[in-house]
Engineer: 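Right, I'll just put the structure down here and ask away after.
The first residue of the sequence shown is numbered 1, and numbering continues consecutively from there. These numbers come from a predicted model, not from an experiment. FYI, side chains are in, hydrogens and waters are out, and symmetry mates aren't considered; it's all heavy atoms of this structure.
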Amino acid sequence: MTGATMVAAALLLPVSARAQAQNGLSNLFGGIFSGANPAPSQPAPGGAQPWSGEDGASGHPLMSASAIREAASNFNNCVAAMWPDAARRGITQENFQRFTAGLTPDLRIMDLMDSQPEFTKSIWDYLDILVNDNRLAKGREVLAKYKAQFDATEKATGVDRTIIASIWGIESNYSTQMGDRSVLQSTATLACIGRRQAYFKDEFLSGLEILNRGDLRPEQLRGSWAGAFGPTQFMPTAFKRFAVDGDGDGRRDVVDNPTDLIASTANNLKKDGWQSGQTWGYEVVVPQGFNYMLADRAKAMTIAQWEKLGLKRPANQPFPQPAEKAYLLAPAGAQGPGFLMLQNYRVIMKYNPAEAYALAIGHFADRLRGGQPFVQPWPRKERELSRTERLELQQLLAQRGFYKGTPDGQFGGQTREALRNFQASIGVPADGFASSDALDRLRGR
């Protein structure tokens, strides 16, 4: 399990399919599982924690305890039935049989997949955990140790070395926390059991392709419960799209070969639209009385236009390129700092689409280059709402006609837009920040 994605999954921030699949590490801060049918748990491999034997918290029919047991009983047949698809991908029958022999389902993954943490970490706590002096010191060591590899990759791709080093450091703490689950076992389990079988069937077959081609050995293909592996946490399908042979040895080894790892991570960012020589964004001071309805990813403007609205950098530092387009992110609402986000921030979001994750990557990279901590304070006295409170907030927004989705206790863009509209309707800063004050106002207190 990796530390970065573990925390990201627990934040009140949008997390898309890749982030959900990549980690499932929301149990860092605890979770709750629902269900009324406790039963003997499946023995766990290697002495790991066993499956709870309970229904999944999502309420999806394929995540009920009975459906999980039924699918698990058919696991061997499910894996065998994927042979024709594997053959179409060029996997030999010998390798298919070799790599799938002895596979058993890891049902503990069902708990991890469907966990819903009751309590979450704030964005400032998240940044404190990930952007710290020890990790920065290790990052500088890595940049010095592999300078030749970073030089060559930066020249070939235009991707800033500090961004690559940041991803390496935040995803796996520089190869010390990569996860130890078998990628094949995890993805086979998810391909045959649970609510996202089609997605994980592709990941499982892609994992077989990696082994069939000889890029990695089975013992190297270990990672998170959902199949992300290596120091920068590639999913098997992402490996197929982006991994490169950086040193020309005929293998794309993103696990133990730093040259391939650095080149492949950079290639991923480049293919996703990285703009060479550009930064990811800027911390900005947002003026009093600002219209936070403009703090929306869809409402990008030039930096010059933002300046006309009163946004400025701390200490009045100039913006290097006023014609660049950016959107305003206010992760702690009017109580915290603002950030103007550029194209490269959007690229980091493609790598792992959690706003706090992308902010941590960009800030970590700045610090590796000698930059300073964020200047403006976070509202550290503000507590994060529990999942029960977030669910109540969504329900109250729905009752008032602002929220059109299904309340689930997980906050994304739709919830924040609804909250902003409610705040605007009562004449308070429409910053979309899910504070205890916002909940009290919805309660009518």
Engineer: What is the minimum heavy-atom distance between G214 and R251, and which atoms define it?
Structural biologist: O-NE, 3.2 Å
Engineer: For residues 204-213, tabulate all N or O donor-acceptor pairs below 3.5 Å that involve a side-chain atom, not counting sequence neighbours.
Structural biologist:
{"from": "S206", "atom 1": "OG", "to": "R89", "atom 2": "NH1", "distance (Å)": "3.4"}
{"from": "S206", "atom 1": "OG", "to": "D202", "atom 2": "O", "distance (Å)": "2.8"}
{"from": "E209", "atom 1": "OE2", "to": "R89", "atom 2": "NH1", "distance (Å)": "2.8"}
{"from": "E209", "atom 1": "OE2", "to": "K240", "atom 2": "NZ", "distance (Å)": "2.9"}
{"from": "N212", "atom 1": "OD1", "to": "T92", "atom 2": "N", "distance (Å)": "3.2"}
{"from": "N212", "atom 1": "OD1", "to": "N95", "atom 2": "ND2", "distance (Å)": "2.9"}
{"from": "N212", "atom 1": "ND2", "to": "G90", "atom 2": "O", "distance (Å)": "3.3"}
{"from": "R213", "atom 1": "NH1", "to": "D215", "atom 2": "OD1", "distance (Å)": "2.5"}
{"from": "R213", "atom 1": "NH1", "to": "D215", "atom 2": "OD2", "distance (Å)": "3.0"}

Engineer: Are the side chains of Q423 and R441 in contact, using a 4.5 Å heavy-atom criterion?
Structural biologist: no
Engineer: Kindly give the heavy-atom pair with the smallest separation between K121 and E384, and that separation in Å.
Structural biologist: C-CG, 3.9 Å
Engineer: Closest approach of P236 and E203, non-hydrogen atoms and distance?
Structural biologist: CD-OE1, 3.1 Å
Engineer: Is there a side-chain contact between N268 and F234, using heavy atoms and a 4.5 Å cut-off?
Structural biologist: yes
Engineer: Going by atom type alone, with no hydrogens or angles, which donor-acceptor pairs under 3.5 Å involve a side-chain atom of residues 253-265 and a protein atom two or more places apart or on another chain?
Structural biologist:
{"from": "D253", "atom 1": "OD1", "to": "Q220", "atom 2": "NE2", "distance (Å)": "3.4"}
{"from": "D253", "atom 1": "OD1", "to": "V255", "atom 2": "N", "distance (Å)": "3.0"}
{"from": "D253", "atom 1": "OD1", "to": "D256", "atom 2": "N", "distance (Å)": "3.0"}
{"from": "D253", "atom 1": "OD2", "to": "Q220", "atom 2": "NE2", "distance (Å)": "3.3"}
{"from": "D256", "atom 1": "OD2", "to": "Q220", "atom 2": "NE2", "distance (Å)": "2.7"}
{"from": "N257", "atom 1": "OD1", "to": "T259", "atom 2": "N", "distance (Å)": "3.0"}
{"from": "N257", "atom 1": "OD1", "to": "D260", "atom 2": "N", "distance (Å)": "3.3"}
{"from": "N257", "atom 1": "ND2", "to": "D247", "atom 2": "OD2", "distance (Å)": "2.8"}
{"from": "D260", "atom 1": "OD1", "to": "G246", "atom 2": "N", "distance (Å)": "2.7"}
{"from": "D260", "atom 1": "OD1", "to": "D247", "atom 2": "N", "distance (Å)": "3.4"}
{"from": "D260", "atom 1": "OD2", "to": "D253", "atom 2": "N", "distance (Å)": "2.9"}
{"from": "S264", "atom 1": "OG", "to": "V244", "atom 2": "N", "distance (Å)": "2.9"}
{"from": "S264", "atom 1": "OG", "to": "V244", "atom 2": "O", "distance (Å)": "3.3"}
{"from": "S264", "atom 1": "OG", "to": "D260", "atom 2": "O", "distance (Å)": "2.7"}
{"from": "T265", "atom 1": "OG1", "to": "T232", "atom 2": "OG1", "distance (Å)": "3.0"}
{"from": "T265", "atom 1": "OG1", "to": "L261", "atom 2": "O", "distance (Å)": "2.8"}

Engineer: Would a 4.5 Å heavy-atom cut-off, applied to side chains only, mark R135 and Y174 as touching?
Structural biologist: yes
Engineer: Counting C-beta onward and ignoring hydrogens, is there a side-chain heavy-atom pair between E118 and T388 closer than 4.5 Å?
Structural biologist: yes
Engineer: Would you say L397 and L442 make side-chain contact, with heavy atoms under 4.5 Å?
Structural biologist: yes
Engineer: Can you measure from OG1 (T162) to CZ (F364) and round to the nearest 0.5 angstrom?
Structural biologist: 10.0 Å
Engineer: Any salt bridge between D272 and R346, counting N to O under 4.0 Å?
Structural biologist: no
Engineer: Mind listing the closest non-hydrogen atom pair of L294 and K299 along with its distance?
Structural biologist: O-CB, 3.9 Å
Engineer: For the residue pair Q414 and K404, what are the closest heavy atoms and their distance?
Structural biologist: NE2-C, 3.8 Å
Engineer: Are L359 and Y126 side-chain neighbours, meaning at least one heavy-atom pair lies under 4.5 Å?
Structural biologist: no
Engineer: Pairs under 3.5 angstrom only: tabulate donor-acceptor contacts from the side chains of residues 309-325 to other protein residues two or more places apart or in another chain.
Structural biologist:
{"from": "R313", "atom 1": "NH1", "to": "P318", "atom 2": "O", "distance (Å)": "2.7"}
{"from": "Q321", "atom 1": "NE2", "to": "Q278", "atom 2": "OE1", "distance (Å)": "3.1"}

Engineer: Looking at residues at least two apart in the chain, or sitting in another chain, which of them share a side-chain hydrogen bond (donor to acceptor under 3.5 Å, both in side chains) with R420?
Structural biologist: D296
Engineer: To the closest 0.5 Å, what do you measure between CH2 (W83) and CD (Q97)?
Structural biologist: 7.5 Å
Engineer: Which pairs, with at least one residue in residues 189-252 and sequence neighbours excluded, count as a disulfide (SG to SG under 2.5 Å)?
Structural biologist: C78-C192
Engineer: What pair of heavy atoms forms the shortest contact from F96 to V79, and how long is it?
Structural biologist: CZ-O, 3.4 Å
Engineer: Using 0.5 Å steps for rounding, measure from the CD atom of Q394 to the CG atom of L391.
Structural biologist: 6.5 Å
Engineer: Strictly under 6.0 Å, is that where the ring centroids of F339 and F374 end up?
Structural biologist: yes
Engineer: Is any side-chain heavy atom of Y357 closer than 4.5 Å to one of I170?
Structural biologist: yes
Engineer: Flag the pair W225 / T189 as yes when at least one side-chain heavy-atom distance between them is below 4.5 Å, and no otherwise.
Structural biologist: no
Engineer: Can you pull the ring pair (Phe, Tyr, Trp, His ring centres under 6.0 Å) pairs that have at least one residue in residues 142-164, sequence neighbours excluded?
Structural biologist: Y146-W168
Engineer: Quick one: CG on D128 to CH2 on W124, what's the gap to the nearest 0.5 Å?
Structural biologist: 10.5 Å
Engineer: Measuring from K138:NZ to L143:CG, what's the distance to the nearest 0.5 Å?
Structural biologist: 11.5 Å
Engineer: Under 3.5 Å, side chain of W274 to main-chain N/O of V159, donor-acceptor pair present?
Structural biologist: no
Engineer: Are there more than 12 heavy atoms of other residues, nucleotides or ligands under 6.0 Å from atom CD of Q288?
Structural biologist: no
Engineer: Going from CZ on R416 to CZ on F411, what distance comes out if it is rounded to the nearest 0.5 angstrom?
Structural biologist: 10.0 Å
